Asks: 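Can you keep this structure in mind? I'll have questions shortly.
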Amino acid sequence: VFRIGRYLVSGRVHTGRGEPALMSLRSRQPMIPLTEAAIEFRVGPDVVREPASGIVINRDLVDWVREGSPGYDRSEVPWA
């Protein structure tokens, strides 16, 4: 799960065999492809979720990243 500005972006990061996903982010080029992805953002009190088969993010714009799993609990992710 990546926080980029007011957006949460989640998806599958593909890595080499046995390479931890979070550690692989440091050695990649800035543009990182995600599959089985989604973008989430707030509109008033509601959370809008836009799924996509793939999304490319710019690592240099990421505020923070944390490991998650499909269907992660959004209440555990800080929006502010």
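Just so you know, these numbers come straight off a predicted model, no measurement behind them.
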Asks: For the hydrophobic clusters of this structure (ILVMFWY residues joined by side-chain heavy atoms under 4.5 Å, transitively), does one cluster hold both Met23 and Ile32?
Replies: no
Asks: Side-chain heavy atoms under 4.5 angstrom apart, residues restricted to Ile, Leu, Val, Met, Phe, Trp, Tyr: same cluster for Phe2 and Met31?
Replies: no
Asks: What closest approach, in Å, do Asp63 and Gly5 show between heavy atoms, and which atom pair accounts for it?
Replies: OD2-N, 2.9 Å
Asks: Which heavy atom in Thr15 sits nearest to a heavy atom in Ser24, and how many Å separate them?
Replies: CG2-OG, 3.2 Å
Asks: Is it possible for you to say whether Leu34 and Val56 belong to one hydrophobic cluster, with membership spreading through side-chain heavy-atom contacts below 4.5 Å?
Replies: no
Asks: Verify, without hydrogens or angle tests, whether Arg6 (side chain) and Arg42 (backbone) share a donor-acceptor contact under 3.5 angstrom.
Replies: yes
Asks: Pro30 and side chain to side chain contact (heavy atoms under 4.5 Å, CB included): which single residue from Leu61, Asp60, Val62 fits?
Replies: Asp60
Asks: How many angstroms lie between atom CZ of Arg59 and atom CZ of Arg26, to the nearest 0.5 angstrom?
Replies: 10.5 Å
Asks: Check whether Arg49 reaches the backbone of Ala38 with its side chain - one donor and one acceptor, N or O, closer than 3.5 Å.
Replies: no
Asks: Ignoring hydrogens and angles, tell me if any N or O in the side chain of Arg17 forms a donor-acceptor pair with the backbone of Glu19 under 3.5 Å.
Replies: no
Asks: For residues Ile39 and Val43: do they belong to one hydrophobic cluster (side chain heavy atoms under 4.5 Å, members Ile, Leu, Val, Met, Phe, Trp, Tyr)?
Replies: yes
